[in-house]
2 protein chains.
Amino acid sequence: MNDGKHIDISAHHSNKNMSNTQHAVNVLRELIIDNRLASGSNHLESELAKMLGMSRTPVREATLILEAQGLVEVKPRHGIKILSISPEDMDEIYNILTELESLAAELAAQKGYTDNEFLVAEGAIQQMDEALAREDREAWARADELFHSELIRLSGSERIGNIFRMFVDQVSRARKLTLNLRPTPTQSNEDHRTVLQAIRKGDAKTARKIHRQHRLQAKKMLIALLEQYGFHNV
Amino acid sequence: MNDGKHIDISAHHSNKNMSNTQHAVNVLRELIIDNRLASGSNHLESELAKMLGMSRTPVREATLILEAQGLVEVKPRHGIKILSISPEDMDEIYNILTELESLAAELAAQKGYTDNEFLVAEGAIQQMDEALAREDREAWARADELFHSELIRLSGSERIGNIFRMFVDQVSRARKLTLNLRPTPTQSNEDHRTVLQAIRKGDAKTARKIHRQHRLQAKKMLIALLEQYGFHNV
DNA sequence: GAATATTTTAATGTATACATTAAATAGCTT
DNA sequence: AAGCTATTTAATGTATACATTAAAATATTC
């Protein structure tokens, strides 16, 4: 069921004090969002266990956790399926992310943070500017991710964070795929600046509104790209 | 770690063709949301396994799934902890439910459903009226739940549904607790009618707005009750 | 030869034995 | 007796053997 290709699973995870189950979750998650375990592919428990150098037990546990996070589907006699994402899935997920992030922006604005709480978010915006200036899209994407997760962090809601990360993982492959197909994201940087400014001023309504528009715009663009290039299952 | 009290786990689940793991998830979930496994209590794997009449393996798998759904916390040497809900948690969860349901209302309105698609939602509203008339709060709560989950169903989004159910489960005990403490929910019935009317007319904006207000109002009332009665951990 | 019944196979589901390890306890040392 | 160390204990974490079962392969019937 696998081509036997060697897969480097050393990853960036210090296996120290970590159960095999947790390690399996981390490694499999990384393999999936990096598209090294191809979306749509099926894998036997024993295959994954062999690959990860452990027995089936922790692998089974890991796949159940990953299933709860929407990354795989465990189908009794057909192996563990790496779920793919269609334009319709993107629409669904971005709708949810839009709501969660808009809520996060609103909550962050209501917190009355002091200036030094925004250092990371500001840094992210600056990195985005710099990346854009030298046309480094990878760097831009990393900074963009940082800004968005920082926004979530500033909301102070652990639960929003959990759901957010879950869905960001689900769309990760599609995001990477469109990174070099999309137009230069100048508007994004502008939007982020405006949102952060509103949060800083405690203007929850504006923060919410602008961020919402920002996300809806991104959704529209991404889905159009996926459809234009015929990516029906990423 | 348990008082040994007999617990009826026959539940309403036909164990037919269902794995022990799935069965354990269903039974434990029900015991938790019914408060028969007290919030805050800790339980050993072996204790739960004995209670459910199966080995530790499927119980372990079940607890991992329930942990991913936010109902328990698996703490290595302290057992499986049934998570309790504070007023702050309620605030967090209701904020998320508000966004998800408002989104669902908007999406439902955009679907252009025909009249017979609203039969269940209408039935729920009617049941709520009847329950209110005879002051049967249990029946009212059931019908209210039905209306809300029907709204989610009408959104057509499986993912919204999954997250929705997850958080509804998490607040279930608090909800039951406040059911007989809250004022007569006449406004709720009115709101539901208005939202459904907007959805029927395809007025997404209104559906969203009214439902949002409806939920924010409910949140405020519930949290006030919890604090007023000193329920810091439900 | 197509359709059906039977056997085989291979994967998952489950129980259990064992390994590991954090906490509790007992035993020293001063 | 307080504080440290060693030992014991009990729970989780993991591997593995076994049970179950869906799918595949084979045999059988007409």
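Taking atom CG on B:N42 and atom P on D:dT12, their separation rounds to 10 Å, with Å as the unit. Look at CG on A:L48: it is 9 Å from P on C:dT12, rounded to the nearest Å. Between B:E61 atom CD and C:dG13 atom P the separation is 8 Å, expressed in whole Å. Here C:dT14 presents its P atom at 11 Å from NE2 of B:H23, a figure rounded to the nearest Å. Between the CG atom of A:L64 and the P atom of C:dT14 there is a distance of 11 Å, given to the nearest Å. Note: CD (B:E45) to C1' (D:dT12) measures 6 Å, nearest angstrom. Regarding B:Q22, its CD atom lies at a distance of 10 Å from the P atom of C:dT14, rounded to whole Å. For the pair A:R60 CZ and C:dT12 P, the interatomic distance rounds to 8 Å; values are reported in whole Å.
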Stepwise side-chain contact (heavy atoms from CB on, under 4.5 Å) test for B:F118 and B:I125: CA-CA 11 Å; B:F118 298 117; B:I125 291 178; over 6 Å; no
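Of the residues near DNA chain C, B:M54 and A:I80, the one whose nearest nucleotide (by heavy atom distance) lies more toward the 5' end is A:I80.
Remark: B:S19 is not in phosphate contact with C:dT12, judged by side-chain N or O atoms under 4.0 Å from OP1 or OP2. Look at B:N20 and you won't find any side-chain N or O under 4.0 angstrom from OP1 or OP2 of C:dG13.
Checking B:S86 against B:D89 by side-chain atom types alone, a donor-acceptor pair falls below 3.5 Å. Under 3.5 Å, the side chains of B:Q69 and B:R165 contain no donor-acceptor pair of N or O atoms. Inspection of the A:H23 and A:T21 side chains reveals no N or O donor paired with an N or O acceptor under 3.5 Å. Side chains of B:H192 and B:H148: a donor-acceptor N/O pair is present below 3.5 angstrom, by distance only.
A:Q127 has its side chain out of reach of A:D144: every pair of non-hydrogen atoms, C-beta onward, lies at least 4.5 Å apart.
A salt bridge does not link B:E145 to B:R142: none of the charged side-chain nitrogens sits closer than 4.0 Å to a carboxylate oxygen.
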Sort me out a list of protein N/O and nucleotides 16-22 of chain D N/O pairs below 3.5 Å, or just none if empty.
unit_1, atom_1, unit_2, atom_2, d
D:dT16, O4, A:T57, OG1, 3.2
D:dT21, O2, A:R77, NH1, 3.3

